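A quick write-up on the structure given underneath.
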Amino acid sequence: EQIPMVLKVLQESNVAHCDLKAGNIGYVSETLKLLDFGLAAPFEHNFFHFHLPVQPHHPPEFRRAQIVTRTTDTYSAGKILEQLVIGEYNLPASAAIEKMKQVYAAVPPKSFQHLLRSMLKQQPFRRPNPAQLLELAHEALQDLRHNEYFSSLAKVPLTDATIHFFGGASSSSSSSS
């Protein structure tokens, strides 16, 4: 539940990170650390225009009009999750879920599908707020832990980084929190 908590702190601080990607997340003693605030910007309204090069992890509203919303970082976090789970992040949510079916030879739990789809909604106002995201992540983690295809005992287990993305899920090398 670490990413939703980081997003909550950012929103409560009226700050958009604007460059949330796998390379800007670190782990120290199983604790997520958000790195590189060089492009972070304060919110004065519900959205603002920000001029910087468009990256694949940026949401549609930024790619189209360079608009940053309160859910811009949520979309980017969804792209990080997608990258950690399937190794790439330039797909729509439905294609990412299909790719998961191929990679893991199993259907991901509906709660995980719902989590990924909600984070990657095209309309910023339809993405979950941090409290909703925390609830969705918790439910998805519970289901992933109980699904033999996606547990640490699977033939192709989710990586520790993937599990630690939302904090604390157990695996063969980490303990549950």
Side-chain angles (χ1 to χ4, degrees), residues 1-22 24-25 27 30-35 37 39-48 50 55-65 67-86 89 91-100 107-147 150 158 161-170 176-177:
E1 288 93 7
Q2 293 181 42
I3 282 286
M5 293 306 293
V6 166
L7 294 174
K8 181 179 181 208
V9 169
L10 286 171
Q11 281 199 5
E12 288 173 350
S13 302
N14 286 316
V15 172
H17 187 277
C18 298
D19 197 25
L20 195 55
K21 59 186 177 185
N24 286 340
I25 292 182
Y27 295 93
E30 296 186 21
T31 301
L32 181 134
K33 301 290 183 182
L34 191 54
L35 310 172
F37 280 80
L39 298 176
F43 270 106
E44 294 180 12
H45 305 287
N46 286 329
F47 70 92
F48 60 89
F50 200 58
Q55 301 293 324
H57 62 274
H58 286 142
E61 66 274 12
F62 187 83
R63 283 185 260 136
R64 282 191 295 263
I67 293 174
V68 176
T69 68
R70 294 199 177 269
T71 61
T72 291
D73 290 334
T74 300
Y75 183 92
S76 296
K79 286 298 182 184
I80 293 168
L81 179 59
E82 180 182 53
Q83 181 182 16
L84 291 171
V85 172
I86 63 170
Y89 60 88
L91 301 171
S94 58
I97 290 165
E98 286 302 314
K99 178 96 177 200
M100 275 187 77
V107 177
K110 293 222 180 278
S111 58
F112 182 85
Q113 293 180 45
H114 181 64
L115 170 66
L116 189 60
R117 282 189 173 110
S118 67
M119 293 175 79
L120 298 178
K121 292 272 186 197
Q122 296 294 301
Q123 304 85 0
F125 60 89
R126 296 192 65 207
R127 293 182 205 129
N129 65 42
Q132 294 166 327
L133 187 58
L134 184 60
E135 187 176 312
L136 291 170
H138 181 73
E139 184 179 334
L141 275 175
Q142 294 291 42
D143 288 347
L144 284 169
R145 285 183 192 135
H146 292 70
N147 188 315
F150 299 101
L158 295 175
T162 303
I163 295 171
H164 288 290
F165 179 75
F166 288 111
S170 61
S176 181
S177 58

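Starting from 1, each residue takes its place in the sequence as its number. All figures in this text were calculated on a predicted structure; none of them were measured in a lab.
Applying the salt bridge (Lys or Arg N to Asp or Glu O under 4.0 Å) rule to Lys121 yields no partners; only residues at least two apart in sequence or on another chain are considered. His114 meets the side-chain hydrogen bond (donor to acceptor under 3.5 Å, both in side chains) test with no other residue; sequence neighbours excluded. Legend: residues meeting salt bridge (Lys or Arg N to Asp or Glu O under 4.0 Å) with Lys33, ordered by chain and number and at least two apart, are absent. The side-chain hydrogen bond (donor to acceptor under 3.5 Å, both in side chains) check on Asp19 picks up Asn24, His57, with sequence neighbours excluded. Here Ala40 pairs with Val15, Phe37 under the side-chain contact (heavy atoms from CB on, under 4.5 Å) rule; sequence neighbours left out. Not counting sequence neighbours, Glu135 has no partner by the salt bridge (Lys or Arg N to Asp or Glu O under 4.0 Å) test. A search for salt bridge (Lys or Arg N to Asp or Glu O under 4.0 Å) contacts involving Lys99 returns Glu88, not counting sequence neighbours. Partners of Pro60 under the side-chain contact (heavy atoms from CB on, under 4.5 Å) rule, at least two apart in sequence or in another chain, are Arg63, Arg64, Tyr75, Gln122, Arg127. With sequence neighbours left out, the side-chain contact (heavy atoms from CB on, under 4.5 Å) criterion links Val9 to Ser13. For the side-chain hydrogen bond (donor to acceptor under 3.5 Å, both in side chains) test, residues two or more places apart in sequence or in another chain that qualify with Glu98 are Lys101. Considering only residues two or more places apart in sequence or on other chains, Ser118 meets the side-chain hydrogen bond (donor to acceptor under 3.5 Å, both in side chains) condition with none of them.
Residues Pro130 and Pro4 share a closest heavy-atom pair of CB-O, 3.7 Å. Across all non-hydrogen atoms, the minimal contact from Ile80 to Ala22 is CG1-N, 3.6 Å. Minimum heavy-atom separation, Thr31 to Gln2: C-OE1, 3.4 Å. Heavy atoms only, all atoms of each residue included: Thr71 and Pro124 are closest at OG1-O, 2.9 Å. Of all heavy-atom pairs between Cys18 and Asp73, the closest is N-OD1, 3.2 Å.
In this structure, CZ in Arg117 is found 11.0 Å from CZ in Phe112, a value given to the nearest 0.5 Å. The NE2 atom of His17 sits 8.0 Å away from the CG atom of Leu39 when rounded to the nearest 0.5 Å. Atom OG1 of Thr74 sits about 6.0 Å away from atom CG of Leu133, to the nearest 0.5 Å. In this structure, Gln11 CD and Asn129 CG are separated by 7.0 Å, a value rounded to the nearest 0.5 Å. In this structure, CG on Leu136 lies 11.0 Å from CG on Leu141, to the nearest 0.5 angstrom. Atom-to-atom distance recorded for Leu120:CG and Ser76:OG is 9.5 Å, nearest 0.5 angstrom.
Between the Glu82 side chain and the Ala93 main chain, no donor and acceptor come within less than 3.5 Å of each other. Of the possible donor and acceptor atoms, none in the side chain of Gln113 sits under 3.5 Å from a partner among the backbone N and O of Ile97. With Glu139 contributing its side chain and Leu115 its backbone, the two residues share no donor-acceptor pair below 3.5 Å.
The stretch residues 2-15 participates, sequence neighbours left out, in these salt bridge (Lys or Arg N to Asp or Glu O under 4.0 Å) pairs: Lys8-Glu12.
Side-chain contact check for Asp143 versus Lys110: every heavy-atom pair is 4.5 Å or farther apart. Residues Pro109 and Leu144 form a side-chain contact, since some pair of their non-hydrogen atoms from C-beta on lies under 4.5 Å apart.
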### Message
I'd like to know whether Phe62 forms a side-chain contact (heavy atoms from CB on, under 4.5 Å) with Ile67, so could you lay out the CA-CA distance, the side-chain angles of the two residues, the decisive distance to 0.1 Å, and finally the verdict.
### Response
CA-CA 5 Å; Phe62 187 83; Ile67 293 174; 6.0 Å; no
### Task
Could you walk me through whether Val6 and Ile25 pass the side-chain contact (heavy atoms from CB on, under 4.5 Å) test, one step at a time?
CA-CA 11 Å; Val6 166; Ile25 292 182; over 6 Å; no
### Task
Please lay out, stage by stage, how Leu20 and Leu10 fare under the test side-chain contact (heavy atoms from CB on, under 4.5 Å).
CA-CA 12 Å; Leu20 195 55; Leu10 286 171; 5.7 Å; no
